[in-house]
Asker: 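I have a structure I would like to understand better, so I am pasting it below and will then ask my questions one at a time.
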Amino acid sequence: MAKTTAADRVFTEPNYGWCHWHKGTSGTAVLINIVEQQSGPGYRQYACAPCREQRGLVPYTKTP
Ligand SMILES: [Zn+2]
């Protein structure tokens, strides 16, 4: 009988907390873009708050 523990419910996003623009960790990183590649799996680009401000990046979910 399987028991649901707190650990089972933790979802870890591999790229969460990483800013692809300054190439470092960040606590404010949000998804900016999902890059689809011709070959191989696509990947996600995240940017932190300062990089979004400096570069005028818009979070992926708010892109029309
Ligand atoms: Zn950044």
Side-chain angles (χ1 to χ4, degrees):
M1 185 169 163
K3 262 171 60 177
T4 304
T5 63
D8 290 333
R9 302 168 68 179
V10 174
F11 177 74
T12 49
E13 170 67 57
N15 287 324
Y16 183 77
W18 180 263
C19 173
H20 288 78
W21 271 260
H22 75 254
K23 292 183 166 49
T25 54
S26 169
T28 59
V30 297
L31 180 62
I32 297 297
N33 192 26
I34 297 176
V35 179
E36 311 228 352
Q37 301 186 111
Q38 297 277 334
S39 60
Y43 61 94
R44 297 173 175 194
Q45 290 181 312
Y46 290 78
C48 66
C51 285
R52 291 201 307 273
E53 246 180 62
Q54 288 170 19
R55 295 156 198 265
L57 300 168
V58 181
Y60 185 78
T61 49
K62 289 180 182 173
T63 306

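Note that ligands are numbered from 1 as they come in the structure, with each ligand's atoms numbered from 1 the same way.
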Asker: Return the minimal non-hydrogen interatomic distance between Trp18 and Ala29, and the atom names on each side.
Answerer: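 Result for this residue pair: O-CB, 3.6 Å.
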
Asker: Would you compute the distance between atom CG of Leu57 and atom NE2 of His20 and round it to the nearest 0.5 angstrom?
Answerer: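 That separation rounds to 12.5 Å.
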
Asker: Quick one: how many protein N/O/S atoms are under 2.8 Å away from the Zn ion (ligand 1)?
Answerer: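 Total protein N/O/S atoms under 2.8 Å from the Zn ion (ligand 1): 4.
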
Asker: Can you tell me how far the CG atom of Asn33 sits from the OH atom of Tyr43, to the nearest 0.5 Å?
Answerer: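 Asn33 CG to Tyr43 OH: 8.0 Å, rounded to 0.5 Å.
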
Asker: Taking everything shown except Glu36 itself, do over 12 heavy atoms lie less than 6.0 Å from its CD?
Answerer: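 No, CD of Glu36 has 12 or fewer neighbouring heavy atoms, counting only those of other groups under 6.0 Å.
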
Asker: Is the backbone N or O of Ala49 less than 3.5 Å from a side-chain atom of Thr28, with the two atoms forming a donor-acceptor pair by type?
Answerer: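 Indeed, once roles are kept as given, a pair shorter than 3.5 Å links the two residues.
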
Asker: Among Arg52, Arg44, Arg55, which residue meets the side chain to side chain contact (heavy atoms under 4.5 Å, CB included) test with Ile32?
Answerer: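 It is Arg52; the other options fail the test.
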
